[in-house]
Amino acid sequence: MIKENFKVVVPEFPDRKVIITEYGAVKNVFDDDTGRTNAKAINGAIEGMSNQGGGTVVIPSGIWMSAPIKLLSGVRLYLERGAVLKFTKNMEDYPLVITNYEGQECIRAVSPVSAEGASDIAISGYGVIDGSGDLWRPVKEFKLTARQWKALLEKSSYVIDTKEGGIWLPTESAYLGNKNNIQGNQQEVLKQAEDFYDFYRPVMVELKNCTNILLENATFMNSPAWNIHPIFCKNLTVRNVKISNPYHAQNGDGIDVESCHNVEIYDSTFETGDDAICIKSGKNAEARTFVDPCENLYIHDCLVNEGHGGFVIGSEMSRGVKNILVENCTFTGTDVGVRIKSAMGRGGVVEDITVRGINMVNIKAEAVIMTMSYVLNSLDKNEKIQQVDESDVPYFKNINIENIACSGCETAIKLEPINGRPETISDITIKNSVFTAKNENVVSGENIRIENVDVVKG
């Protein structure tokens, strides 16, 4: 990617504004009825401003409970310093719908914040959007202290036993949903799924088929599932934001950019319960029915504090991912630093990726990993391979990683192509880097160049 030729259209807004109290919003009252009142006020203000040709809807300082809100073209939602937009949780306000999650159509509850087909939209200001994810999320026992686990059990006794320990569920509905997991993309399955409602946790901010988007300065936190999910969008700017979830937040990704074009993410901080900055592009043959790669992304000057991965591509990458530059970022305490992941069955190509100037500290596993075994020996977790078509084979190629400094990791570099198919990871250059690692590099593939890389045992 050539920075000099990279350009993202940033939306501009007319000098026109309205405060949500003018539409009847009430602050510092904490119940579902107030949430509905405030959602009606906020959505009314957004609709009115969009109908006037655009402008700013202001959320003043205070705690504002809300049911779901929807952004419309031409509107900037501005949270003043001290403003907290905190979302409620109930089936009446967040019905189940067919949407897109983890690369496929599936059932989820309506997102707290959404936009579809909108142009020139923004969320900005210095306030907080809180998705009340603690009311939705399961929690794995091994991620908590004994005291924290005990406190959860006092809230709910629903636990699934696994080899790694218990998984706590906040409600019976979530517990039963984990055992049943009714899915499908037909409307008739929605009624069947209602008995397991709490299982279908929503993405907090879902932006679909939108153009010219700005997310700036605000804090996005406590999401039920992923924090921010732009999908099929063009011209997305994310700058100076903070995206935060506790480390134990299941599926608590920071931002998942899926099949988007022209994206810049910079000067932002991530503390997440899963991957921090993640690039996706649909999953398996279903995604490959049409061409829409995730391409032309510039990610720079970001800080990731904890999380599964600092910068991640995949594992949903079936429509392709290409032309990305990541530079001048810091990852501290993440499970891995840079991870590109896929599996047989995904298909698609990840190509023309440059990652450079990354500082990493206390990485729990690999500093740099490219793996084709993210889902071992299957097209998907619930499918058996019968016969693999060549189109099911994913590829990573033309990837350059340089000027990496890593103080502490298990393994510096691990490259794992599909067994017997070294060409699935090819034309990889890793150079001018230094790592402190406990283990030797694990490198396989085709045309792999590791130049001027110092791995110090420690």
Side-chain angles (χ1 to χ4, degrees), residues 87 89-91 94-99 101-112 131-184 189-204 222-227 229 245-254 256 272-275 278 283 306-309 315-316 335-336 341 343 364-365 373-384:
F87 287 94
K89 171 192 174 288
N90 58 73
M91 187 161 55
Y94 300 78
L96 298 181
V97 295
I98 305 297
T99 185
Y101 180 68
E102 293 186 330
Q104 294 181 318
E105 284 193 335
C106 62
I107 300 172
R108 311 296 290 183
V110 165
S111 291
S132 296
D134 51 301
L135 302 177
W136 294 86
R137 295 188 304 262
V139 180
K140 293 181 177 179
E141 182 178 5
F142 74 85
K143 293 186 177 183
L144 301 181
T145 65
R147 179 176 294 182
Q148 290 171 323
W149 182 249
K150 181 180 178 182
L152 280 184
L153 294 179
E154 291 173 356
K155 295 180 180 179
S156 166
S157 61
Y158 294 103
V159 175
I160 295 175
D161 293 323
T162 72
K163 293 180 181 179
E164 294 181 317
I167 301 176
W168 175 87
L169 286 306
T171 65
E172 181 182 24
S173 172
Y175 175 80
L176 295 174
N178 270 270
K179 290 182 173 295
N180 290 275
N181 188 14
I182 293 174
Q183 281 295 353
V189 301
L190 293 177
K191 189 66 178 176
Q192 301 173 38
E194 286 181 359
D195 289 340
F196 316 111
Y197 174 77
D198 288 354
F199 173 74
Y200 302 100
R201 298 174 285 138
V203 168
M204 188 170 76
N222 196 17
S223 58
W226 298 345
N227 265 282
H229 182 209
N245 262 330
Y247 180 74
H248 64 258
Q250 191 74 8
N251 308 113
D253 294 25
D256 292 87
T272 66
D274 210 311
D275 294 330
C278 193
K283 184 166 74 174
E306 294 194 330
H308 287 189
S315 65
E316 302 94 326
D335 290 358
V336 298
K341 55 185 178 179
K364 296 180 178 69
S373 58
Y374 182 69
V375 182
L376 289 173
N377 300 321
S378 68
L379 295 178
D380 201 0
K381 292 180 181 178
N382 300 315
E383 299 175 13
K384 294 181 179 179

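Within the structure, every pair that satisfies the ring-ring contact (aromatic ring centres under 6.0 Å, His included) test and touches residues 141-168, not counting sequence neighbours, is listed here: Tyr158-Tyr175.
Summarising the geometry of Arg201 relative to Pro224, their closest heavy-atom pair is NH1-O, 2.9 Å, with the distance given to 0.1 Å. Here the closest heavy-atom approach between residue Ile182 and residue Gln192 is recorded as CD1-O, 3.6 Å. Scanning both residues, Gly166 and Val159, for their nearest heavy atoms gives CA-CG1, 3.8 Å. Here the shortest heavy-atom pairing between Ala225 and Arg108 reads CB-NH2, 3.9 Å. Looking at every heavy atom in both residues, Val336 comes nearest to Ala365 through CG1-CB, 4.0 Å.
Rounding to the nearest 0.5 Å places CG of Asp253 at 4.0 Å from CG of Asp274. For the atom pair CG of Leu153 and CD of Glu141, the computed distance is 7.5 Å after rounding to the nearest 0.5 Å. Rounded to the nearest 0.5 Å, atoms NZ (Lys150) and CG (Leu144) are 14.5 Å apart. Atoms CG and CZ, from Leu176 and Phe199 in turn, are 11.5 Å apart once rounded to the nearest 0.5 Å. Taken from CG in Asn180 to CG in Asp195, the straight-line distance is 9.0 Å, to the nearest 0.5 Å. A distance of 10.5 Å separates OG of Ser223 from CG of Asp134, quoted to the nearest 0.5 Å.
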Report the C-alpha separation of Asn222 and Trp136 in whole Å, then their side-chain angles, then the decisive distance to 0.1 Å, and conclude whether the side chain to side chain contact (heavy atoms under 4.5 Å, CB included) test is met.
CA-CA 10 Å; Asn222 196 17; Trp136 294 86; over 6 Å; no
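Remark: side-chain polar atoms of Thr272 are not paired, donor with acceptor, to backbone N or O of Gly307 under 3.5 angstrom. Looking at Ser111, its side chain does come within 3.5 Å of a backbone N or O of Val203 through a donor-acceptor pair.
Side-chain contact check for Tyr94 versus Pro112: some heavy-atom pair is nearer than 4.5 Å. In this structure the side chain of Glu316 never reaches within 4.5 angstrom of the side chain of Asp256, judged on heavy atoms. Proximity of Gln250 to Lys143: side-chain heavy atoms (C-beta onward) are separated by under 4.5 Å at one or more points.
Shown here are the side chain to side chain contact (heavy atoms under 4.5 Å, CB included) partners of Ala174, two or more places apart in sequence or in another chain: Leu169, Pro170, Thr171, Asp198. Leu96 is linked by a side chain to side chain contact (heavy atoms under 4.5 Å, CB included) to Ile107, Ala109, Leu190, Ala193, Glu194, Tyr197, Tyr200, counting only residues two or more places apart in sequence or in another chain.
Dense packing is recorded around NZ of Lys364, with more than 12 heavy atoms of other residues, nucleotides or ligands lying under 6.0 Å away.
Just one of Glu306, Met204, Arg137 meets the side-chain contact (heavy atoms from CB on, under 4.5 Å) condition when paired with Asn245; it is Arg137.
No donor-acceptor contact under 3.5 angstrom links the side chains of His308 and Asp275, judged on distance only.
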